[in-house]
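Input: a single structure, listed below in structure tokens.
Note that ligands are numbered from 1 as they come in the structure, with each ligand's atoms numbered from 1 the same way. Heavy-atom basis, side chains included; hydrogens, waters and symmetry copies ignored. These numbers come from a predicted model, not from an experiment.
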Amino acid sequence: MEEAFIKIENVSYMYEENDGFAKIDRYAVKNVSLEIKEGEFVAVLGHNGSGKSTLAKLINMIYTPTSGKIYIKGRDITDENMSDEDIMGLRKTVGMVFQNPDNQLVATIVEDDVAFGPENLGIPSEEIRKRVDDALADVGMTKYANHEPHRLSGGQKQRIAIAGIIAMLPECIIFDESTAMLDPVGRKEVMESIIKLNREKNITVLMITHYMEEAALADRVVVIDDGRIISDGKPIEVFKKEKELRDCGLSVPQCTELVHCLSENGFDIKGECVDVVSCANMIFEALNL
Ligand code: ADP
Ligand code: MG
């Protein structure tokens, strides 16, 4: 059987809080099990506070599970006896891109920023040059190599942050609401980069989002509510269950909702869709056009 790239086994995570009187234990992740295959593009969907970032930080070894196990390429990352070298290796294997691009850029020139990660890994300078060029090309930012990051748009900054991760040659990237602070153009640019990295470089993608339309672009959607996985499947299967999603504060893509609405109001339309083109085709078909 093919080994999972990431295997999460019965993982729980508890934050200790103090309300001024006593310590309160609050579980942010509750007995989650999840397997992600190499090359998969998985969206993790959930409303604010559902536990998405905590889960991402567990996979990226920022936190250690309160209970349960996490394996990356078969290696137990919850093993306390893991060497520093192993930890470094795993951190390089699984990169993470956060929400705010301004917090992720460190240098005053774009190409220096992208070189920062590989420089810290002790990579020889010729190799760094090549990696920086390749990474900038991958996110379509080659012509900005000598620009100042703070003058770029939000979407461009975020693509530079992604290039900085790619330059460390990760096998998997976790995007934690990496489009949340961007305008529609920036969101589209970043989504296109994410899709391209997955399809063309076979990078395993775990994309945390609360945008239904973005989740619909993944191979698979995992829905989290109150620290638990409540749905896991192809976007079309997950978004079929509109009521269940609404019950936990989420919705479905607008085109999915339109088809449900037409069908409920007696319009003879069959099937499900999660993208605009399929939606248009279903309507044409129903109208016999
Ligand atoms: P999401 O990313 O889905 O918005 P989080 O993983 O950030 O959710 O948070 C899940 C739950 O854990 C929330 O109830 C949040 O308030 C709580 N939480 C997150 N970070 C901390 C922290 N550092 N200390 C205590 N509670 C936290
Ligand atoms: Mg979060």
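Within the structure, the salt bridge (Lys or Arg N to Asp or Glu O under 4.0 Å) test picks out the following pairs touching residues 78-88 (sequence neighbours left out): R75-D86.
Inside a sphere of radius 2.8 Å centred on the Mg ion (ligand 2), the protein N/O/S atoms present are S53 OG.
Q99 and A180 make their closest contact through NE2-CB, 3.7 Å (heavy atoms, listed as atom of the first residue, atom of the second, distance).
The shortest distance between side-chain heavy atoms of M14 and Y27 falls below 4.5 Å.
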May I have the list of side-chain donor-acceptor pairs in residues 265-272 shorter than 3.5 Å, sequence neighbours left out?
from: N265; atom 1: ND2; to: C261; atom 2: O; distance (Å): 2.7
from: D268; atom 1: OD1; to: K270; atom 2: NZ; distance (Å): 2.8
from: E272; atom 1: OE1; to: H260; atom 2: NE2; distance (Å): 2.8
from: E272; atom 1: OE2; to: H260; atom 2: NE2; distance (Å): 3.2

Could you go through the side-chain hydrogen bond (donor to acceptor under 3.5 Å, both in side chains) check for S251 and E257 one step at a time? CA-CA 9 Å; S251 61; E257 191 179 351; 5.9 Å; no
Report each N/O pair between ligand 1 and the protein that falls under 3.5 Å, naming both atoms.
from: ligand 1; atom 1: 2 (O); to: S53; atom 2: N; distance (Å): 2.9
from: ligand 1; atom 1: 2 (O); to: S53; atom 2: OG; distance (Å): 2.9
from: ligand 1; atom 1: 3 (O); to: S50; atom 2: N; distance (Å): 3.2
from: ligand 1; atom 1: 3 (O); to: S50; atom 2: OG; distance (Å): 3.3
from: ligand 1; atom 1: 3 (O); to: G51; atom 2: N; distance (Å): 3.0
from: ligand 1; atom 1: 3 (O); to: K52; atom 2: N; distance (Å): 3.0
from: ligand 1; atom 1: 3 (O); to: K52; atom 2: NZ; distance (Å): 2.8
from: ligand 1; atom 1: 4 (O); to: G49; atom 2: N; distance (Å): 2.7
from: ligand 1; atom 1: 6 (O); to: T54; atom 2: N; distance (Å): 2.9
from: ligand 1; atom 1: 6 (O); to: T54; atom 2: OG1; distance (Å): 2.5
from: ligand 1; atom 1: 8 (O); to: G51; atom 2: N; distance (Å): 3.2
from: ligand 1; atom 1: 14 (O); to: R26; atom 2: NH2; distance (Å): 2.6
from: ligand 1; atom 1: 20 (N); to: Y15; atom 2: OH; distance (Å): 3.4

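Relative orientation of the Y13 and Y63 rings is parallel, given thresholds of 30° and 60° on the angle between their planes.
Here the options are K241, K240, K234, the test is side-chain hydrogen bond (donor to acceptor under 3.5 Å, both in side chains), and the partner is E237; only K240 passes. C279 pairs with exactly one of V274, L262, V259, T256 by the side-chain contact (heavy atoms from CB on, under 4.5 Å) rule, that one being V259.
For the atom pair N60 CG and D176 CG, the distance stands at 10.5 Å (nearest 0.5 Å).
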